[in-house]
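Presented below is the structure to which this report refers.
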Amino acid sequence: MHPDPTLAPIRTAALLGLEFLIGLACGAGWTWTMRIWADEGGTVWTTGGWAAAGVWLCGPVLRIGLVGIAAAMGIHQGSAATMLSMAAMLLTCAGASTWCARTAEHTYGVLSPA
């Protein structure tokens with residue numbers, strides 16, 4: 001039985017949405033597993049441990065699985081889907097890190113310049 005070609009755009013959009021959600025989840029998970037602190041001079045530092053590495057490595061595994069599902073459905077995913085997922089992950093991580101860094105600065109009594 002061949003897949004219905006009229007459903008291909010819907011399946012493609014669903015896979016692209018899943019790719020985007022994977023990126024958001026990995027970016028948020030990566031940020032929440034990092035340690036963020038500010039030193040006496042107000043410089044913000046981050047470090048990640050095994051949990052951050054695990055989240056970082058989990059993203060490609062999920063993406064490879066999604067590409068396999070797409071291939072089984074007869075849908076070719078190009079590099080645009082991967083780039084969208086990576087962009088979502090990095091933007092989520094940057095935004096969440098910035099938000100966490102602002103709270104870290106205030107815990108040490110260093111205020112942002114006005």
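Both backbone and side-chain heavy atoms feed into the values below; hydrogens, waters and symmetry mates do not. Note that the coordinates shown come from a computational prediction; the quantities given were computed from them, not determined experimentally.
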**Report entry** CD1-CG distance between Ile22 and Leu66, expressed to the nearest 0.5 angstrom
**Finding:**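 Answer rounded to 0.5 Å: 5.0 Å.
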
Requested in this report: Rounded to the nearest 0.5 Å, what's the gap from SG on Cys93 to CE on Met34? Could you check?
Outcome: 4.5 Å

Query raised in the report: How are the rings of Trp30 and Trp56 set relative to one another: parallel (under 30°), tilted (30 to 60°) or perpendicular (over 60°)?
Result: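 Trp30 vs Trp56 ring planes: tilted.
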
Query - Heavy-atom closest pair, residues Gly29 and Val55 - result: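 Distance-wise, the nearest heavy atoms are C-CG1, 3.7 Å.
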
Query - Closest contact, heavy atoms only, Gly59 versus Cys26 - result: CA-SG, 3.4 Å

Query raised in the report: With no hydrogens and no angle check, do the side chains of Thr82 and Arg63 hold a donor and an acceptor under 3.5 Å apart?
Result: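 Distance-only check fails for Thr82 and Arg63.
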
Query raised in the report: Looking at side-chain heavy atoms only, is the closest gap between Thr92 and Thr31 below 4.5 Å?
Result: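 No; the side chains remain at least 4.5 Å from each other.
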
Do the side chains of [X] and [Y] join up, straight or via other hydrophobic residues, at under 4.5 Å, putting them in one cluster?
X     : Y     : answer
Leu62 : Met73 : yes
Leu16 : Met89 : no
Leu84 : Val67 : no
Leu24 : Leu15 : no
Met86 : Val61 : no

Query raised in the report: Is NZ or CZ of Arg35 both nearer than 6.0 Å to the six-membered ring centre of Trp37 and within 45° of the ring axis?
Result: yes

